[in-house]
Amino acid sequence: MRLWSLDRGILELVKRSEEALTVREICCLINGKDPDYCINVDGEGSRCLYFYRRPKHESQRIKLVRLDCKTPATTVIRAVNRLAEKGLIKKKIFRLRDPLSTWNRDNFRLVYVDENQIRKRLKSKILTGE
């Protein structure tokens, strides 16, 4: 099995992480950006188009922009999906606290290798996800 360099980089990030990572966090780490970079790109509150699209029932009060990252978000998302299909990493949807949502919660795709990473992220012994 031959892995691309991006796939290898993502796999190493996930393995070395103490807790499960979201796909957005992986994208920021791959691009060498601050983990909160996507939340306030230009200093005026603009957010990354790929990670902050809100559902139609929630108002779009935020400005969405395409970022000029060296590795685009769509490429990172495809690489994470490839690794999950090969079984090298696990990806599961969890409903986590989200201050940007009107309901204070949203679905996040957490990427991990073992269950301990999920437990550390959720700070619980019981795993609840979809």
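- For Arg109, the CZ atom counts as loosely surrounded, since its 6.0 Å shell holds 12 or fewer non-hydrogen atoms of other residues, nucleotides or ligands.
- Within a 6.0 Å sphere centred on CD of Glu12, other residues, nucleotides and ligands contribute more than 12 heavy atoms.
- Between Cys27 and Ala73, the shortest heavy-atom distance links the atoms SG-CA, 3.9 Å.
- Between Cys38 and Arg47 the shortest side-chain heavy-atom distance does not fall below 4.5 Å.
- The backbone N or O of Thr71 lies less than 3.5 Å from a partner atom in the side chain of Asn31, making a donor-acceptor pair.
- A salt bridge links Glu25 with Arg121: at least one charged nitrogen is closer than 4.0 Å to a carboxylate oxygen.
- Residue Leu21 comes nearest to Leu13 through the heavy atom pair CD1-O, 4.2 Å, listed as atom of the first residue, atom of the second, then distance.
- Contact detail for Ile30 and Gly9: the closest heavy-atom pair is CD1-C, 4.2 Å.
- In the displayed structure, Asp68 atom CG is contacted under 6.0 Å by at most 12 heavy atoms of other residues, nucleotides or ligands.
- Judged purely by atom type and a 3.5 angstrom limit, Gln117 has no side-chain atom pairing as donor or acceptor with the backbone of Leu110.
- For the atom pair CG of Leu29 and CZ of Arg24, the computed distance is 9.5 Å after rounding to the nearest 0.5 Å.
- Residue Leu88 is tested with Leu83, Asp7, Val14 for a side-chain contact (heavy atoms from CB on, under 4.5 Å); the sole match is Leu83.
- In this structure, OH in Tyr37 is found 9.0 Å from SG in Cys48, a value given to the nearest 0.5 Å.
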